[in-house]
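All heavy atoms count here, side chains included; hydrogens, waters and symmetry mates do not.
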Amino acid sequence: MPKKGELSKTARASLANREEVNHITDKVCVKCGEPIWLKDLQPVKVMGKGMSFYHKEHYQGQ
């Protein structure tokens with residue numbers, strides 16, 4: 001049990017996970033051919049081909 005005024009271990013872990021991580025990935029957008037930032041990554045599974053990667057604003061679902 002946490003002492004009075006302290007956060008529990010779960011609450012501390014939850015606060016630590018709120019950091020926003022954004023870095024450039026090694027994935028390249030199929031539509032524009034540019035590297036994709038992690039926040040903009042839209043992975044799409046294509047039947048028979050595997051995975052394709054798009055910027056979120058470039059992908060229009062079928």
Side-chain angles (χ1 to χ4, degrees):
M1 291 291 294
K3 295 178 184 174
K4 187 174 182 178
E6 292 181 351
L7 293 173
S8 68
K9 187 163 76 171
T10 305
R12 285 193 311 267
S14 178
L15 287 173
N17 290 336
R18 288 188 183 185
E19 281 185 40
E20 291 191 20
V21 178
N22 193 20
H23 61 275
I24 198 119
T25 63
D26 60 344
K27 312 296 187 226
V28 177
C29 181
V30 174
K31 195 164 189 176
C32 69
E34 294 185 12
I36 307 170
W37 286 89
L38 184 62
K39 281 187 169 185
D40 297 330
L41 184 64
Q42 178 68 47
V44 179
K45 188 168 188 172
V46 180
M47 296 298 285
K49 265 179 86 175
M51 295 298 291
S52 294
F53 302 94
Y54 296 87
H55 287 102
K56 285 184 180 177
E57 62 270 4
H58 291 170
Y59 178 72
Q60 279 101 36
Q62 280 80 8

> For residues Cys29 and Tyr54, report the shortest heavy-atom separation together with the two atoms involved.
SG-CA, 3.9 Å
> What's the shortest heavy-atom distance between Gln42 and Lys56, and which atoms?
OE1-CG, 3.8 Å
> Are Val44 and Val30 connected into the same hydrophobic cluster when the rule is that any two of I, L, V, M, F, W, Y join if their side-chain heavy atoms are below 4.5 Å apart?
yes
> Quick one: does Thr25's side chain have a donor or acceptor within less than 3.5 Å of a partner on Leu38's backbone?
no
> Looking only at heavy atoms, what is the nearest atom pair of His55 and Pro35, with distance?
NE2-O, 3.4 Å
> Please name the pair of heavy atoms, one in Ile36 and one in Val28, separated by the smallest distance, quoted to 0.1 Å.
CD1-C, 3.9 Å
